[in-house]
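Shown below is the structure under consideration.
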Amino acid sequence: MKTKDKTRPLLMGLPLAELSNLLNQNGKRPYVADQIFDWVYKKDLLCPLKWANIAKDVREWVETNFRLDLPSVSWKGVSRDGTQKFLLEMKDAQTVEAVVIAAPHRLTLCLSTQVGCAMGCTFCHTATQGLTRHLEAGEIVGQFIAVQRELSAQDDSARLTHIVYMGMGEPLHNFEAVKKATGLFLEAKGLGLGQRRITLSTSGLVPQIEKLSDFPPINIAISLHGARDDIRSKLMPIGRRYDLQRLFKAVRTIPLKAHRHITYEYLLIKELNDGRKDIEALADLLPRKSSKVNLIPFNEYPGTPFRRPSRERIAWFQDELCRKGLTCTIRRTKGDDILAACGQLKTSVRRPHSQ
Ligand code: SAH
Ligand code: SF4
């Protein structure tokens with residue numbers, strides 16, 4: 001039974017069209033896929049035997065051929081600012097973290113796409129654990145459903161409204177699974193989020209950026225962190241493989257709808273990339289019309305040699321960039337008291353004690 005369990009795919013990773021094809025190939029009526037989606041994504045009932053309007057043979061077929069398990073919440077913590085962090089355990093006991101950030105009229109879920117990460121950025125806590133494995137599409141979607149359940153249990157009206165792929169992992173390194181999961185988030189008969197409500201952040205995998213025309217048109221954020229090759233490649237090993245010129249050539253191939261832009265995330269690290277020269281380099285590098293800069297004050301974590309610049313320095317950096325005609329925001333740090341802020345996620349400690 002166990003081997004079979006492992007080989008059965010998760011139903012939650014299956015696009016609607018694929019499910020109807022499979023039903024058709026197995027002598028079932030393809031439109032039943034819509035009804036199955038309704039049970040799974042709208043009614044959140046993951047037990048096929050209870051799907052009242054679906055024929056018994058179809059319910060049994062689903063039971064035999066698919067898994068419908070969700071990641072289980074093995075720990076959760078709430079930050080002083082209300083940010084919630086969930087440690088989610090997959091079927092094989094691997095764990096990832098998901099974070100919920102509340103703002104007026106929005107509830108954003110920061111999702112993981114891999115167990116760990118292979119990219120080795122020197123400022124990132126996740127990088128220190130290396131890559132264990134990719135998540136399957138169904139596990140990515142499963143994080144959403146599992147966290148939504150937790151939130152609904154606290155407050156029946158709470159609804160996740162936005163998704164950012166900014167948890168553990170490099171989403172474009174797990175391209176196909178993230179693409180499938182994104183399709184299910186966007187699918188009106190699935191989770192039904194709008195394109196503008198999903199943001200994918202990448203460290204700059206050039207070949208995959210060049211394939212983004214083959215990806216649903218969601219918001220794209222590029223982790224830049226250095227506007228000069230020497231600094232960027234010191235912070236991000238990927239910068240040695242693809243220099244800034246190569247990266248920007250790829251970025252220009254991203255199809256942008258009218259009035260859309262690319263967000264450039266720029267980590268501010270004390271005395272490393274927070275000087276006037278960096279402002280000049282950023283201003284030279286970024287096209288004004290299609291760029292937004294999001295400054296991320298460095299989040300410290302145990303063992304890192306990097307420090308966050310002072311508040312004044314961060315405000316100065318923003319002002320100077322605005323003066324150069326760039327649209328520029330500062331990301332508010334959320335959840336850092338429970339290591340839930342950007343770059344602080346790490347799951348080598350399997351089960352931290354509850355707060
Ligand atoms: N792997 C993807 C997405 C996850 S990280 C990426 O790198 O883009 C989400 C954002 O947090 C990235 O911009 C990342 O560079 C940033 N980040 C990583 N470590 C950080 C830290 N210690 N402090 C602040 N931001 C950090
Ligand atoms: Fe991976 Fe992103 Fe961390 Fe770099 S910053 S190691 S790409 S998760």
Side-chain angles (χ1 to χ4, degrees), residues 83 85 96-99 101 108-135 140 143 163-175 177-178 182 198-206 208-209 212 218-227 231-242 247 251 262-270 272-274 292-309 314 329-348:
T83 300
K85 178 159 104 168
V96 296
E97 293 180 332
V99 177
I101 305 137
T108 302
L109 176 63
C110 177
L111 282 177
S112 292
T113 54
Q114 298 177 310
V115 181
C117 185
M119 308 310 293
C121 303
T122 53
F123 49 78
C124 175
H125 205 195
T126 307
T128 60
Q129 82 180 83
L131 176 68
T132 305
R133 69 169 175 87
H134 294 305
L135 291 184
I140 299 172
Q143 288 174 69
I163 289 175
V164 291
Y165 289 117
M166 295 189 188
M168 297 168 64
E170 163 50 53
L172 293 187
H173 188 200
N174 189 10
F175 193 92
V178 174
T182 305
I198 305 181
T199 302
L200 181 149
S201 170
T202 176
S203 58
L205 282 183
V206 162
Q208 284 83 346
I209 290 177
L212 283 176
I218 55 173
N219 305 319
I220 300 294
I222 309 279
S223 291
L224 195 60
H225 307 331
I231 292 188
R232 188 164 193 269
S233 47
K234 205 188 274 176
L235 293 172
M236 307 173 74
I238 185 91
R240 294 199 281 274
R241 182 130 42 108
Y242 308 109
L247 174 63
V251 168
I262 304 281
T263 299
Y264 295 93
E265 295 160 286
Y266 190 91
L267 194 60
L268 278 170
I269 303 177
K270 190 173 177 179
L272 203 140
N273 64 356
D274 63 346
K292 269 192 183 171
V293 181
N294 192 209
L295 299 173
I296 315 179
F298 178 68
N299 291 317
E300 296 180 13
Y301 54 86
T304 178
F306 298 127
R307 293 289 166 256
R308 173 185 291 199
I314 295 168
T329 50
I330 298 175
R331 185 176 298 174
R332 280 180 54 206
T333 302
K334 293 271 195 166
D336 56 340
D337 54 326
I338 54 165
L339 289 186
C342 291
Q344 292 182 318
L345 307 182
K346 182 178 177 182
T347 53
S348 58

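Counting convention: from 1, in listed order, for ligands and their atoms alike.
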Worksheet item: Among protein heavy atoms, which sits nearest to atom 25 (N) of ligand 1, and what does the distance come to when rounded to 0.1 Å?
Response: Leu267 CD1, 3.2 Å
Worksheet item: Judged by atom type as modelled, is there a donor-acceptor pair below 3.5 Å linking the side chain of Thr122 to the main-chain atoms of Leu235?
Response: yes
Worksheet item: Can you check whether Val96 reaches Gln143 side chain to side chain, under 4.5 Å on heavy atoms?
Response: yes
Practice prompt. Using a strict cut-off of 4.0 Å, indicate which atoms of ligand 1 neighbour a heavy atom of Ile296.
Written response: 13 (O), 24 (C), 25 (N)
Worksheet entry | Heteroatom proximity flag, Phe123 to ligand 1, N/O under 3.5 Å | yes
Discussion item. Suppose we measure from atom 3 (Fe) of ligand 2 to each protein heavy atom; which comes out shortest, and what is that distance?
Written reply: Cys124 SG, 2.4 Å
Item to complete: Looking only at protein heavy atoms, identify the closest one to atom 19 (N) of ligand 1 and say how far it is in Å.
Response: Gly343 CA, 3.0 Å
Worksheet item: Are His125 and ligand 1 in contact, using a heavy-atom cut-off of under 4.0 Å?
Response: no
Worksheet item: Does the Arg232 side chain pair with the main chain of Ala227, one donor and one acceptor, at a distance under 3.5 Å?
Response: no
Discussion item. Using a 3.5 Å distance criterion without hydrogens, assess whether the side chain of Tyr266 forms a donor-acceptor pair with backbone atoms of Asn273.
Written reply: yes
Item to complete: Show which atoms of ligand 2 fall inside a sub-4.0 Å distance from at least one heavy-atom site of Cys121.
Response: 4 (Fe), 5 (S), 6 (S), 7 (S)
Worksheet item: Do the side chains of Val164 and Cys110 get nearer than 4.5 Å, heavy atoms only?
Response: yes
Practice prompt. Evaluate the side-chain proximity of Glu300 to Arg307: yes if any heavy-atom separation is below 4.5 Å, no if none is.
Written response: yes
Worksheet item: Does the side-chain contact (heavy atoms from CB on, under 4.5 Å) test come out yes or no for Leu135 and Thr113, once each step is laid out?
Response: CA-CA 6 Å; Leu135 291 184; Thr113 54; 5.5 Å; no
Practice prompt. Show which atoms of ligand 1 fall inside a sub-4.0 Å distance from at least one heavy-atom site of Glu170.
Written response: 1 (N), 2 (C)
Worksheet, complete the sentence: In this structure, atom 1 (Fe) of ligand 2 is nearest to the protein heavy atom Cys117 SG, 2.3 Å
Worksheet item: Among the heavy atoms of Gly169, does any lie under 4.0 Å from an atom of ligand 1?
Response: yes
Fill in: Close N or O approach (His225, ligand 1; < 3.5 Å)
yes
Discussion item. Is the shortest side-chain heavy-atom distance between Phe123 and Leu272 below 4.5 Å?
Written reply: no
Worksheet item: What orientation do His134 and His173 show, parallel under 30°, tilted 30 to 60°, or perpendicular over 60°?
Response: perpendicular
Practice prompt. Could you tell me whether the side chain of Glu170 and the main chain of Ser203 form a donor-acceptor pair under 3.5 Å?
Written response: yes
Discussion item. I'd like to check Thr199 versus Thr263 (side-chain heavy atoms, cut-off strictly below 4.5 Å). Are they in contact?
Written reply: no
Worksheet item: How far is atom 6 (C) of ligand 1 from its nearest protein heavy atom, and which residue and atom name does that atom have?
Response: Ser223 OG, 3.4 Å
Fill in: Within-cut-off N or O pair, Asn299 and ligand 1, under 3.5 Å
yes
Fill in: Any side-chain heavy-atom pair of Ile222 and Thr202 under 4.5 Å
yes
Item to complete: Give the atoms of ligand 2, by number and element, whose distance to some non-hydrogen atom of Gly169 is under 4.0 Å.
Response: 8 (S)
Worksheet item: atom 2 (C) of ligand 1: which protein heavy atom is closest, and how many Å away?
Response: Ser201 O, 3.3 Å
Item to complete: Please report which non-hydrogen protein atom sits nearest to atom 11 (O) of ligand 1, along with the residue it belongs to and the distance in Å to one decimal place.
Response: Cys342 CB, 3.5 Å
Item to complete: May I ask you to test the Leu212-Leu200 pair for a side-chain heavy-atom distance under 4.5 Å?
Response: no
Discussion item. Out of all atoms in ligand 1, which are within 4.0 Å of some heavy atom of Phe298? Include the element for each.
Written reply: 21 (C), 22 (N), 23 (N)
Response to the item:
protein heavy-atom neighbour closest to atom 5 (S) of ligand 1 works out as Met166 O, 3.9 Å
Discussion item. Heavy-atom contact check, 4.0 Å cutoff: does Tyr165 meet ligand 1?
Written reply: yes
Worksheet item: Does any N/O atom on Glu265 come nearer than 3.5 Å to any N/O atom on ligand 1?
Response: yes
Fill in: Per-atom contacts, ligand 2 versus Ser203 - under 4.0 Å to a heavy atom
7 (S)
Fill in: Contact with ligand 1 for Gly167, non-hydrogen, under 4.0 angstrom
yes
Discussion item. I'd like to check which ligand 1 atoms, numbered from 1 as shown, lie under 4.0 Å from a non-hydrogen atom of Ser203.
Written reply: 6 (C), 7 (O), 8 (O)
Fill in: 4.5 Å side-chain heavy-atom contact, Gln114 and Met168
no
